[in-house]
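Have a look at the structure below, then the notes.
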Amino acid sequence: MTSLALPELSLILLGFLVVILASGVWIAVGLGLVGLLAMVLTTDIPIGQVLATTVWSASASWTLAALPLFIWMGEILFRTRLSEQMFQGLSPWLQWLPGRLIHTNIVGCGIFAAVSGSSAATCATIGKIALPELKKRGYDERMSLGTLAGSGTLGLLIPPSIPMVVYAVTANVSVLQVFLGGFLPGLLVMALYMGYVIIWSLLNPDKTPPRDPSIPFAQKLRQSAKLAPCLILIATVFLSLVLGFATATECAAWGVTGALFLAWWSGTLTWATLFESIMSATRLTCMIMLILAGAAFCTAAMAYTGIPAALAEWVKGKDLSPHMLVLALTCMYIILGCLIDGISMIVLTAVIVLPMVKEAGFDLVWFGVYLVIHVEMAQITPPVGFNLFVLQNMSGKDTMTVARAAFPFFILLNVAVLIITTFPQIVLFLPKLAFPD
């Protein structure tokens with residue numbers, strides 16, 4: 001153990017973390033190594049004892065049981081014909097809006113987001129049918145790519161959401177309340193996206209193809225009936241959450257059951273697809289659990305250094321207004337989003353940021369939604385935006401072309417952050433309704 005001053009210790013640990021991240025070491029291993037160095041420099045407590053207890057306590061959580069279930073649900077639905085049915089069911093009703101069928105990207109992603117916790121799965125599922133259809137009908141390819149990139153991120157904001165589960169466990173808050181807090185901001189983001197498409201379409205009428213021939217009302221209803229099982233599943237999960245009939249983990253179990261039914265109903269449930277979905281969900285769950293374990297050990301080690309408490313005191317001493325703190329955190333998360341993935345961004349910063357947020361008087365449920373919107377931004381910012389890679393593979397365009405198409409939606413996500421910061425009731429209304437003080 002050495003007697004380093006806090007500024008020196010902070011610089012050493014920060015420099016070591018930068019070297020670890022730059023070297024390409026797994027983020028989970030990197031966090032563990034940073035925690036190991038912090039404990040070696042600051043305490044004589046047996047490291048193995050701290051490692052064992054923190055990793056176990058971070059892993060043995062009933063809340064985390066929802067994680068593999070929500071991931072599996074998204075993997076099952078990813079392999080169904082849901083995107084084709086959504087396009088057919090939504091397109092007759094969206095023709096009258098300026099922008100016409102481009103809105104199916106936004107609404108379709110919003111619906112799929114409500115039954116999948118993955119941004120990449122949302123983007124790929126809707127994109128695999130929407131991109132060819134929109135291109136065939138003559139819609140502007142840049143707008144088609146941009147709406148898919150931006151709307152695909154709704155899989156993180158509209159519950160069930162994998163990053164929301166990770167945040168709830170990391171911040172020790174109710175995953176159910178964070179889920180409920182994401183519904184209205186998710187609708188807000190969809191409204192911002194659709195509003196932008198409408199304005200763009202009115203300014204560029206030559207880039208919007210003419211309306212498809214109208215069809216009888218009865219035929220519209222028949223086409224929309226294909227959405228019924230999916231909408232019933234969404235309504236069941238949502239009402240169970242709001243009315244308190246089931247916990248988030250129980251809703252995840254029912255969601256998997258509903259996803260299996262939808263896959264069977266669409267004729268895509270085979271032994272091969274079932275095995276693929278299980279293996280894919282297992283790999284992703286193991287990766288996230290490993291990151292959480294490394295983060296838990298790093299968090300415990302940082303507590304021994306006293307750095308988080310000192311930073312919280314420093315923020316308090318600076319007497320920053322809440323809005324200035326939010327602005328500083330927004331800049332930090334935008335930069336981080338260009339460098340690391342969203343899950344890592346949450347667990348990497350939690351130990352430092354959460355004490356500041358508490359000291360500033362922010363509600364941790366609100367902050368969870370705020371943070372998830374920044375994780376959405378990370379999905380569409382180069383060089384590591386995963387939605388950009390998905391659409392690059394699907395469209396054949398290079399990453400920067402897709403990134404330029406997604407840039408207006410990145411700006412709109414910042415507008416959403418500004419709105420929920422000014423009006424936090426948008427986030428807190430449903431959690432307060434379901435859990436009155």
Side-chain angles (χ1 to χ4, degrees), residues 57-80 82 110-122 125 154-170 172-183 186 227-266 268-289 292 343 365 368 372 430-431 434-435:
S57 62
S59 306
S61 167
W62 175 243
T63 303
L64 276 177
L67 188 64
L69 292 172
F70 281 132
I71 294 173
W72 188 23
M73 181 172 68
E75 291 291 339
I76 293 168
L77 293 173
F78 176 65
R79 291 164 174 80
T80 66
L82 190 59
I111 293 174
F112 190 80
V115 288
S116 168
S118 168
S119 171
T122 301
T125 301
L154 292 169
L156 305 180
L157 185 58
I158 299 177
S161 164
I162 296 167
M164 283 183 175
V165 175
V166 173
Y167 170 80
V169 172
T170 305
N172 195 28
V173 296
S174 166
V175 65
L176 184 54
Q177 291 193 44
V178 180
F179 273 6
L180 293 175
F183 273 108
L227 292 174
C230 182
L231 295 177
I232 291 171
L233 177 60
I234 294 170
T236 302
V237 172
F238 176 71
L239 291 175
S240 298
L241 286 170
V242 172
L243 300 177
F245 291 155
T247 65
T249 306
E250 291 164 347
C251 284
W254 283 111
V256 168
T257 304
L260 287 170
F261 170 77
L262 286 178
W264 168 82
W265 179 73
S266 66
T268 56
L269 183 60
T270 64
W271 287 112
T273 57
L274 182 64
F275 180 75
E276 287 172 8
S277 68
I278 292 173
M279 293 306 297
S280 182
T282 301
R283 285 191 291 269
L284 183 54
T285 302
C286 290
M287 181 196 75
I288 294 173
M289 292 295 291
L292 285 174
I343 299 294
V365 172
V372 167
L430 287 179
F435 298 91

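Given the structure is predicted, the values throughout are model-derived calculations rather than measurements. Along the sequence shown, residues are numbered consecutively beginning with 1.
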Between CD1 on residue Ile111 and CG on residue Leu154, distance to nearest 0.5 Å: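 Here the rounded value is 11.5 Å.
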Phe261 CZ to Leu269 CG distance, which is reported to the nearest 0.5 Å: 11.5 Å
So, for [X] and [Y], which heavy atoms are closest and what is the spacing to 0.1 Å?
X: Val365; Y: Pro431; answer: CG1-CG, 4.2 Å
X: Ile162; Y: Ile343; answer: CG2-CD1, 4.3 Å
X: Ala281; Y: Glu75; answer: N-CG, 4.1 Å
X: Thr122; Y: Ala113; answer: OG1-CA, 4.2 Å

Stepwise side-chain hydrogen bond (donor to acceptor under 3.5 Å, both in side chains) test for Thr236 and Trp254: CA-CA 9 Å; Thr236 302; Trp254 283 111; over 6 Å; no
Donor-acceptor list for residues 173-180 side chains, cut-off 3.5 Å, not counting sequence neighbours:
unit_1, atom_1, unit_2, atom_2, d
Ser174, OG, Leu176, N, 3.3
Ser174, OG, Gln177, N, 3.2

Full working for side-chain contact (heavy atoms from CB on, under 4.5 Å) between Leu157 and Met164: CA-CA 8 Å; Leu157 185 58; Met164 283 183 175; 4.2 Å; yes
Exceeds 12 heavy-atom contacts within 6.0 angstrom, atom CH2 of Trp264: no
Measuring only between side-chain heavy atoms, which start at C-beta, is [X] closer than 4.5 Å to [Y]?
X: Thr270; Y: Leu274; answer: no
X: Leu284; Y: Ile71; answer: yes
X: Thr268; Y: Ile76; answer: no

Side-chain donor/acceptor of Ser161 to backbone N/O of Leu156, under 3.5 Å: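 A pair under 3.5 Å: yes.
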Partner residues of Leu233 under the side chain to side chain contact (heavy atoms under 4.5 Å, CB included) criterion, sequence neighbours left out: Val115, Val237, Leu262
Residue pairs, two or more places apart or on separate chains, that pass salt bridge (charged side-chain N to carboxylate O under 4.0 Å, His left out) and touch residues 268-286: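 Qualifying pairs, neighbours excluded: Arg79-Glu276.
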No-hydrogen, no-angle side-chain donor-acceptor test under 3.5 Å, Ser277 and Ser280: no
